[in-house]
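Numbering of ligands and ligand atoms starts at 1, following listing order. Here, residue 1 is the first one in the sequence, and each next residue gets the next number.
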Amino acid sequence: MIIEVRSKNETLALAKLFAESISPNEKGPLVIALQGDLGAGKTTFIKGLARGLGIRKNITSPTFLMVRRYEIPRHRGGFKNFYHVDAYRMSSARDLETTGLADALRDKRSIIAVEWADRIRKNLPRKVIRIAIAHQKENERTILFSTKK
Ligand SMILES: Nc1ncnc2c1ncn2[C@@H]1O[C@H](COP(=O)(O)OP(=O)(O)OP(=O)(O)O)[C@@H](O)[C@H]1O
Ligand SMILES: [Mg+2]
């Protein structure tokens, strides 16, 4: 599915709607793999996602920390933790362990949103929701949703 957005606010609103449509997922963590160039809007989308999950804390880019965890209020949809991951600088299996991402991936009650997901593709489960954001012009983006790897 491809959706065109014309502003940052439309991206936020779309992500919020998407978050609200997440239903309990029986098998393991729900991984949302985001792709898109620098400034495409990956973090913006994740901010909307977090809002849609009821998280009130301000989502800041986890660039240096690589992984940030937020508690999902009232454990919406049965999910307890929301992880925001920036895989830009991740490479080794050691990074996966030291950042806590490996634990998150073992936690069935987690939602894990990964920026630059392709960089750690082989460490992610086979089933992920892929979101590819492409910069069109100024404030326009196309957002592609798919479940294929
Ligand atoms: N339609 C849009 N959707 C999202 N962001 C937009 C849109 N139009 C303009 N922007 C602007 O583009 C920038 C997107 O920044 P954001 O940090 O979300 O990108 P990113 O993909 O996470 O980048 P990075 O690769 O550096 O992590 C913001 O400054 C935002 O205001
Ligand atoms: Mg970002």
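What sits closest to atom 30 (C) of ligand 1 on the protein, heavy atoms only, is Lys8 CD, 4.0 Å. With respect to atom 17 (O) of ligand 1, the closest heavy atom belonging to the protein is Thr43 CB, 3.7 Å. For atom 23 (O) of ligand 1, the closest non-hydrogen atom on the protein side is Gly39 N, 2.9 Å. For atom 16 (P) of ligand 1, the nearest non-hydrogen atom of the protein is Thr44 OG1, 3.7 Å. If you check which protein heavy atom lies closest to atom 26 (O) of ligand 1, you get Leu38 CD2, 3.5 Å. The protein non-hydrogen atom at the shortest distance from atom 10 (N) of ligand 1 is Arg141 NH2, 3.3 Å.
Residue contacts with ligand 1 include Ala40, since one of its heavy atoms falls under 4.0 Å from the ligand. Distances from ligand 1 to the non-hydrogen atoms of Asp86 include no value under 4.0 Å. Residue Gly36 places no heavy atom under 4.0 Å from ligand 1.
Between Tyr83 and Asn81, the shortest heavy-atom contact is CE1-CB, 3.5 Å. Closest of all the heavy-atom pairs between Leu53 and Arg76 is O-NE, 3.5 Å. For Leu49 against Ala113, the heavy-atom pair with the smallest separation is CD2-CB, 4.1 Å. Contact detail for Gly54 and Pro73: the closest heavy-atom pair is O-CG, 3.1 Å.
Among the backbone and side-chain atoms of Thr44, no N/O/S atom is found under 2.8 Å from the Mg ion (ligand 2).
Here the N, O or S atom of Glu115 that is nearest to the Mg ion (ligand 2) is OE1.
By the neighbour-count criterion of 12 heavy atoms within 6.0 Å, atom CZ of Phe145 is densely surrounded, having more than that number from other residues, nucleotides or ligands. Within a 6.0 Å sphere centred on CZ of Arg106, heavy atoms belonging to other residues, nucleotides or ligands number more than 12. Counted within 6.0 Å of CD on Glu4, heavy atoms from surrounding residues, nucleotides or ligands total 12 or fewer; the atom is thus considered open.
Arg109 and Glu71 are not joined by a salt bridge, as no carboxylate oxygen comes within less than 4.0 angstrom of a charged side-chain nitrogen. Comment: Asp118 engages Arg130 in a salt bridge, judged by a side-chain N to carboxylate O separation of less than 4.0 angstrom.
Residue contacts with ligand 1 for Ser61 are absent, since no atom lies close enough (heavy atoms, distance under 4.0 Å). Counting heavy atoms closer than 4.0 Å to ligand 1, residue Ile133 contributes nothing at all. At a 4.0 Å heavy-atom cut-off, ligand 1 touches Glu115 through the side chain alone.
Counting protein heavy atoms under 4.0 angstrom from atom 20 (P) of ligand 1 gives one or more.
Residue Arg119 holds its CZ atom at 13.5 Å from CG of Leu124, rounded to the nearest 0.5 Å.
Evaluated by nearest non-hydrogen atom to atom 25 (O) of ligand 1, the leading choice among Gln35, Arg6, Lys47, Lys42 is Lys42.
Close contacts between ligand 1 and Thr11 involve ligand atoms 1 (N), 2 (C), 3 (N), 4 (C) [criterion: under 4.0 Å to a heavy atom]. For ligand 1, the atoms sitting less than 4.0 Å from at least one non-hydrogen atom of Trp116 are 25 (O), numbered in the order shown with element in parentheses.
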Can Leu101 and Ile120 be said to form a side-chain contact (heavy atoms from CB on, under 4.5 Å), step by step?
CA-CA 11 Å; Leu101 178 56; Ile120 54 164; 3.6 Å; yes

